[in-house]
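Residue numbers count from 1 along this sequence. Start at 1 and go down the list; that is how both ligands and their atoms are numbered. This structure is a prediction, so every number in the text was calculated from the model and none was measured.
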Amino acid sequence: MKIGILGGGQLARMLTLAGYPLGLDFVVLEPAADACAAPLAGHVQTAYDDPAGLAELAGQVDLVTYEFESVPAGAVEQLGRSLPVYPPANALATARDRNNEKTLFNELGIETAPFAEVHDLAGLEQAVGQVGLPAILKTRTLGYDGKGQQVIRPGDDLAAAWNAVGQVPCVLEGFVDFDREVSIIAVRSVSGELAFYPLAENVHQEGILRLSTCLRDDSHQPLAEDYARRVLERLNYVGVLAIEFFQVGEHLLANEMAPRVHNSGHWTIEGAQTSQFENHLRAILDLPLGSTAPQGHAAMVNLIGELPEEKTVLAVENAHLHLYGKAPRAGRKIGHVTLREATPEKLAAGLNRLNKILQ
Ligand code: AMP
C-alpha cells in the first residue's frame, strides 16, 4: 500500500516513520528540494497546484492525505476524482479559514471567543464595536504560528492594524484572558470508529508552541471529547483532527482546528500506547484504531531556531530526541524532545533540566 502526502515537512516525515512498521510506502508532493520527509519517501517535486505533478502523484499511490491545511482546493478536487483523499475536502475547506471554522464551532454549540468578519477598514471599525477591545485581528487564511495576527488595544490606530495584516479578509476576535491553553487530538476511521487522546496543555512563546504536557484525567476531558465528536461527525471526518481551546474556568472556547496530525500531539510517540501518526494511518486505511491510553507522564518541548548539543539533551534521563533534518533558522521548528517519566514530579524535574539546556 502506497500513501501520498501533500507536503514533505516534519509531519510527513513522522507519518512515514510510523508507517514503515505497518509495511506502508510513501510518496510526498512538495515543491522544496530539501523537504525533510523526502529522504524517507518518493518525492514528486512540484507546486501543490500543478495538475501534471498531481497526476504523477495519483499514478503512484493508493490514497492521499496531507500534512497542512492550506492545500489548494483544486488539488484535492483533482486527486479526489481518482483516489480516496482523507481527511475529506469539506474538513479542509472549513479548517483553512478561521471564519468558517469558528462559524462551524458555534453552529455545533461549541463556544468560541466573540468574533466578527472583517473585509475592509470600515468593517474593522464595525467589528471593534461588536467584539470590543482588546482584540486580535487575524487573517482568515494562511495564518500559522502567530503569523498574520495583530493585537489591537484601546486607543490603537485601526488603519495601522488593517495595513499590518495586509488588508486581506480577516476575523476580529475578542482577546481571551484564559487560564490555560489545551488541545485535544481526536481520530475517526473510515468506518466511523472514534478515539480521543488525553488533553495536552500547551504553552506558546511568541505565538509558537513551545511545550505540550499530557494531562491525565483532566476534568475538562469529557467536554473536549464531546466537542471533538460533534465536529468529527458533522464533517464525516476521517483521520486525526486537532482542536485547540482556551480554557476559562469550566469553559472551553475553541480557538482553531487542524485537519491533520498536530504539534501538540507529538508527545504521543513515546507517551501514548499508539502515536497520533500511527492512528492517522490506521484511520485512513480503515484499520482498527490503536489504544490512546497514556504511558507514564509525558511532555514535549519544541526545538525552535537552534539545535542544542545532542549529547547534552540525551544525557537527560528519559529524554527522546527527534531531529527533523531541517536547517536551523530563527522561529523554525527543527526538532522536539519528549520526556516520559513515571511520576509528575520526575517529569517536572526532567523539564527543568531540559529547559536549562535549551535556554
Ligand atoms: P493561533 O494562530 O490562533 O493559534 O494563535 C496563536 C497563539 O496566540 C494562541 O495559541 C494564543 O496563545 C494566542 N492567541 C490567539 N488568539 C487569542 C485570543 N483570542 N485571546 C488570547 N490569546 C490568543
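- Contacts between Val176 and ligand 1 below 4.0 angstrom, taking non-hydrogen atoms only, involve backbone and side chain alike.
- Every heavy atom of Ala135 sits 4.0 Å or more from the atoms of ligand 1.
- Remark: ligand 1 and Phe246 share no N or O pair separated by less than 3.5 Å (distance only, no angle test).
- Hydrophobic cluster of Leu17: the remaining members, joined at side-chain heavy-atom separations below 4.5 Å, are Tyr20, Leu40, listed by chain and number.
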Show your reasoning for whether side-chain hydrogen bond (donor to acceptor under 3.5 Å, both in side chains) applies to Gln276 and His266.
-> CA-CA 7 Å; Gln276 63 163 346; His266 291 0; 3.2 Å; yes

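- Between the side chain of Glu101 and the backbone N or O of Glu256, no donor-acceptor pair lies under 3.5 Å.
- Comparing Glu244, Lys138, Arg98, His204 by heavy-atom distance to atom 15 (C) of ligand 1, the nearest is Lys138.
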N/O donor to acceptor pairs below 3.5 angstrom from side-chain atoms of residues 349-359, sequence neighbours left out:
from   : atom 1 : to     : atom 2 : distance (Å)
Asn355 : ND2    : Leu351 : O      : 3.3

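- Of all the listed residues (Glu173, Gln149, Gln205), Gln149 holds the heavy atom that lies closest to atom 8 (O) of ligand 1.
- Side-chain contact check for Gln221 and Asp217: no donor-acceptor pair (N or O, by modelled atom type) lies under 3.5 Å.
- When all heavy atoms of Glu193 and Pro288 are compared, the closest pair comes out as OE1-CA, 3.6 Å.
- Those atoms of ligand 1 with a heavy atom of Glu181 less than 4.0 angstrom away are 9 (C), 10 (O), 11 (C), 12 (O).
- If you check each of Val171, Ile136, Asp177, Leu209 against atom 18 (C) of ligand 1, the one with the closest non-hydrogen atom is Ile136.
- Ion pairing between a basic and an acidic side chain is recognised when a charged N comes within 4.0 Å of a carboxylate O; Glu117 and Arg140 show such pairing.
- The atoms of ligand 1 that sit less than 4.0 Å from any heavy atom of Phe178 are 21 (C), 22 (N).
- Residue-level proximity to ligand 1 for Asn255 is carried by the side chain, the only part with a heavy atom below 4.0 angstrom.
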